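Below is one structure, written out as structure tokens; comments come after it.
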Amino acid sequence: MDMMNSIASSAMNMSAAQFEQQYSISVQKKAMDVEELALQELQEMLPPSPYGFDVRA
């Protein structure tokens, strides 16, 4: 009986860890999306630069 409880407990812990990881990743993705939108808005507010240059690798 004790082994059954141990297996069930381990399965629940693994499921909870997987849910926590998925939640964390989705929060990070949302934060990145918000950051991207904020940077786009900032670029639109800035005046165009009088300097032009090419960057070659």
Side-chain angles (χ1 to χ4, degrees):
M1 185 77 166
D2 188 35
M3 186 170 211
M4 294 294 269
N5 288 339
S6 178
I7 292 171
S9 177
S10 295
M12 289 177 59
N13 287 339
M14 287 176 59
S15 178
Q18 183 181 15
F19 174 77
E20 183 178 346
Q21 183 180 22
Q22 289 174 346
Y23 180 81
S24 176
I25 289 171
S26 67
V27 168
Q28 288 176 342
K29 284 182 180 180
K30 187 65 173 176
M32 289 169 59
D33 290 344
V34 169
E35 183 81 18
E36 183 180 4
L37 288 173
L39 288 173
Q40 287 175 357
E41 290 294 322
L42 179 63
Q43 285 179 341
E44 289 178 10
M45 291 181 357
L46 293 174
S49 175
Y51 306 103
F53 59 92
D54 292 329
V55 177
R56 295 183 186 187

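Remember, predicted model here, so these are calculated numbers, not experimental data.
Gln40 pairs by the side chain to side chain contact (heavy atoms under 4.5 Å, CB included) definition with Glu36, Leu37, not counting sequence neighbours.
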Under 3.5 Å, which donor-acceptor pairs do the side chains of residues 9-16 form with other protein atoms, sequence neighbours left out?
unit_1: Ser10; atom_1: OG; unit_2: Ser6; atom_2: O; d: 3.0
unit_1: Asn13; atom_1: ND2; unit_2: Ser9; atom_2: O; d: 3.3

Solution key, residues 21-32 side-chain donor-acceptor pairs under 3.5 Å, sequence neighbours excluded:
unit_1: Ser26; atom_1: OG; unit_2: Gln22; atom_2: O; d: 3.4
unit_1: Ser26; atom_1: OG; unit_2: Tyr23; atom_2: O; d: 2.8

